[in-house]
Structures are given as C-alpha cells and as structure tokens.
Amino acid sequence: MRDGKGPSRAPVLQFTNCRILRGRRLLREDLWVREGRILDPEKLFFEERLVADQQRDCGGCILAPGFIDVQINGVHLEGPFISREKRGAHPEAYLRSFEANAFHDVLATYGSLDNVRIVTLAPELGRSHEVIRALTARGICVSLGHSVADLQVAEEAVQSGATFITHLFNAMLPFHHRDPGIVGLLTSDRLPPGRHIFYGMISDGMHTNPAALRIAHRAHPQGLVLVTDAVPALGLGNGRHTLGQQEVEVDGLTAYVAGTKTLSGSIAPMDVCVRHFLQATGCSVESALEAASLHPAQLLGLEKLKGTLDFGADADFVMLDDSLHVQATYISGELVWQAEEARQ
C-alpha cells in the first residue's frame, strides 16, 4: 500500500477504540474522516489504496451524530401567531392574528424568512391554513403549538402541510378521551398517506412528567424529537437573566418568568435531556441518541448529511462515555470542545 501522502491530498483521520451509532445499532468499528465527511474504509483501502494519516484513540467511548436542537429560543420562530389562552411566557401585548392578507402579516412581522427553518403557530387562528401552505411551499417547517386546537383542526393543519408539534403536552389542551386535541396526532388515522408527524419533547425533568414521556414514546417513537427549549440563561447559573424584553429567574434547572411560577423555557443542555429521557422511558441508548440527532434531521430533511454517521455524511459527532456525558464535540471532523476531564 502506498501511503498517499503529499501536498495534493487531504489527510485521513481514523478514530479507533470506539462504538459508532449507525443504522440504529452501536457498532464496534472505526470512524474514518476526510475533508469533513465520513469515509467508507473499504473504498479507501481497495480503491484508493490509502491508510490513515492520523489515528485517535477514543478510549472505548461512544461516537454519536451531533445533537440537533430544533427549539432554542430565537433560532425557531415561536409566535407571535399563537393562542392567548396558551401563550405561556409570551407577553400578551405582542400576540397577533392573521388578517385578510395572512402571509403578508407573517412577512411584516418577521421582516424576512431567510434562514428560517421552523415557525410555530396556533392552527385554530383564522387563515392559518393558507399561511401553513405558503410557509411549507418555501421549505419552512410549520409546527403546531401554544394552541387550544381540537384534534380535527390539528389534523386539517397537517393536511395543509404542518409536520411538527411544539413541546408536546406543554401549552396545549390537555388530553381528553372524547377529543385528545393536538396530542391525538400521534395516533391519528386522518393524516395524508406517507406523512410522518414529528413532535418535540422537553425532557428536562421539569416540563414533562416521566409518565407523559413514556406515553408519547410508546405511542409514536419514530416521531419523538428531544428539544431543550433553551433560553439565553443556559449555562449562566442561578439568578436573573434576560429573555427578550423579559426577565427570567433561574433556580437549578428551572427558569421562570421573574416574579411568577410560569415556566420560561429551559436551561438543561441536550445531554441532560437525553439522559433523563433514557431513564424515564427505559428505551435503548440508541433510541435516546437518535431522538436528539436522527429524528430532528429527518424533520428538517437533512438526514442524508446530518443526524447520521453513514458514509458521505458530515463528520459532525459527539464523543460520550457510558453514562452519556459528552466528552468531546467534533464539527467537520475538527475538535471544537472537550470536557476538562477528557483533556487530562
């Protein structure tokens, strides 16, 4: 074998002594990376006849696709086209409804939809269906949330193109046996053929009872997407912090609108949510990790490049120990963060 080294060839990096999450299984295989992409080692060996330029021993850790958080407050446009009754921490004075030219109202409110991937709205608002159709035609995911919609209205919204539910169980009508509301979409038989509904869950130990996590997971595991619902106070510790025009009070893993007991997003990082979800549901490690990587990538239509460690995908991944604490983060195969204990 020639070593293939030279100024014209990008280096090949080999991660060894690891378990890779691929195809819903943890496999004891090496991970090969070149130019920010994951390589097929067989093609590297037998077609290019190359070996790795560098090797990195992972110490038996798990390599999983990079976590994708589809609900960090500010990236995901959550409101103001939402229900007053289920507005949560959203200031009532800023809520809006759709007028005669509904999509123009959206553009006037947001200013631009460039780089927007998700918009949350309440489907019971008048003219919401034309807005859903207009947004989905532009490749923007429409999510249903902060809503008092019944199941029929929710199903009609999905028929118009909605594909996601914002933080299931939170800021929506409670489940009722005669009309389960938006929650009923998880087992609805009135969705368009081939349409797959996804739903976000804040698995931080505060927003959702473990029994509710189990119910949702057992009803529709393929659609479950773990979200943090994180506010800017994430990582800043206890005390008062700002969220837009509001102040929030952080106490441990809980954030409230200051002076109230209204939950105001979360401050739990994604790995905390993954560990809590695993413990609460008793699901496999693979399922817990995919709920934070593969499923959100599928929701966004990015599963060929993100949320997977398949050959050809972007080399964005996390290194975790057996207790699912993140030890290192890689973007395009480059180390961008490492836990203090992993540096020693």
I'd like to know if the side chain of [X] reaches the main chain of [Y], judged simply by a donor and an acceptor atom lying under 3.5 Å from each other, with no hydrogens or angles considered.
X	Y	answer
Asp321	Ser323	yes
Ser293	Leu289	yes
Arg240	Glu247	no
Tyr199	Ala216	yes
His241	Gly237	yes
Ser332	Glu334	no
Gln246	Ala89	yes
Thr109	Asp105	yes

Evaluate Trp32 against Ile38 for side-chain contact (heavy atoms from CB on, under 4.5 Å), listing each step before the verdict. CA-CA 6 Å; Trp32 299 74; Ile38 296 172; over 6 Å; no
Does a side-chain heavy-atom distance below 4.5 Å link [X] with [Y]?
X	Y	value
Met201	Leu213	yes
Ile165	Met172	yes
Leu113	Leu135	yes
Leu185	Leu151	yes
Ile182	Leu173	no
Arg34	Leu44	yes
Phe164	Leu299	yes
Val272	Pro269	yes

If you measure from the Lys or Arg side-chain nitrogens to the Asp or Glu carboxylate oxygens, is any gap between [X] and [Y] under 4.0 Å?
X	Y	answer
Glu48	Lys43	no
Arg9	Asp53	yes
Asp150	Arg178	no
Glu29	Arg22	yes

Mind checking the [atom1]-[atom2] spacing from [X] to [Y]? Nearest 0.5 Å is all I need.
X	Y	atom1	atom2	answer
Thr163	Leu191	OG1	CG	11.5 Å
Arg28	Thr16	CZ	OG1	12.0 Å
Gln71	Ser266	CD	OG	10.0 Å
Thr166	Glu78	OG1	CD	5.5 Å

With sequence neighbours excluded, residues passing side-chain hydrogen bond (donor to acceptor under 3.5 Å, both in side chains) with Thr281: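 side-chain hydrogen bond (donor to acceptor under 3.5 Å, both in side chains) list for Thr281, sorted by chain: empty.
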Got a sec, which residues hit side-chain hydrogen bond (donor to acceptor under 3.5 Å, both in side chains) with Glu35, two or more places apart in sequence or on another chain?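 side-chain hydrogen bond (donor to acceptor under 3.5 Å, both in side chains) check on Glu35 returns nothing, list empty.
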When clusters are formed by joining ILVMFWY residues with side-chain heavy atoms under 4.5 Å apart, either directly or through shared neighbours, do [X] and [Y] land in the same one?
X	Y	value
Val119	Val225	no
Val227	Ile118	yes
Val158	Val153	no
Leu21	Met270	yes
Val70	Leu77	no

Quick one: salt bridge (Lys or Arg N to Asp or Glu O under 4.0 Å) pairs with a partner in [range], sequence neighbours left out?
range	value
residues 189-213	Glu155-Arg190
residues 263-292	Arg24-Glu290, Asp271-Arg275
residues 126-149	Arg127-Glu130

Residue pairs fulfilling ring-ring contact (aromatic ring centres under 6.0 Å, His included) with at least one residue in [range], sequence neighbours excluded:
range	answer
residues 294-334	Phe15-Phe317, Phe15-Tyr330, Phe317-Tyr330
residues 250-287	His217-Phe277
residues 165-195	His146-His167
residues 120-140	none

What residues, two or more places apart in sequence or in another chain, satisfy salt bridge (Lys or Arg N to Asp or Glu O under 4.0 Å) together with Glu303?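 With neighbours one apart ignored, the set is empty.
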Non-neighbouring partners of Arg96 that pass salt bridge (Lys or Arg N to Asp or Glu O under 4.0 Å), sequence neighbours left out: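 Partners of Arg96 by the salt bridge (Lys or Arg N to Asp or Glu O under 4.0 Å) criterion come out as none, since no residue qualifies.
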[X] versus [Y], closest heavy-atom pair with distance:
X	Y	answer
Ala162	Ile132	N-CG2, 3.6 Å
Ala122	Ser128	O-CB, 4.1 Å
Gly79	Ile82	CA-CG2, 3.8 Å
Pro296	Ala291	CD-O, 3.6 Å
Ser160	Thr136	O-OG1, 4.1 Å
Asp30	Ile20	O-CD1, 3.2 Å

Between Phe98 and Phe81, is the gap from one ring center to the other below 6.0 Å?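 Ring centroids of Phe98 and Phe81 are less than 6.0 Å from each other.
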Identify all side-chain donor-acceptor contacts of residues 56-68 below 3.5 Å with residues at least two apart in sequence or on another chain.
| unit_1 | atom_1 | unit_2 | atom_2 | d |
| --- | --- | --- | --- | --- |
| Asp57 | OD1 | Asn17 | ND2 | 3.0 |
| Asp57 | OD1 | Gly59 | N | 2.7 |

CA sep, side-chain torsions, deciding dist, call: Val326, Met319, side-chain contact (heavy atoms from CB on, under 4.5 Å): CA-CA 6 Å; Val326 177; Met319 183 182 296; over 6 Å; no
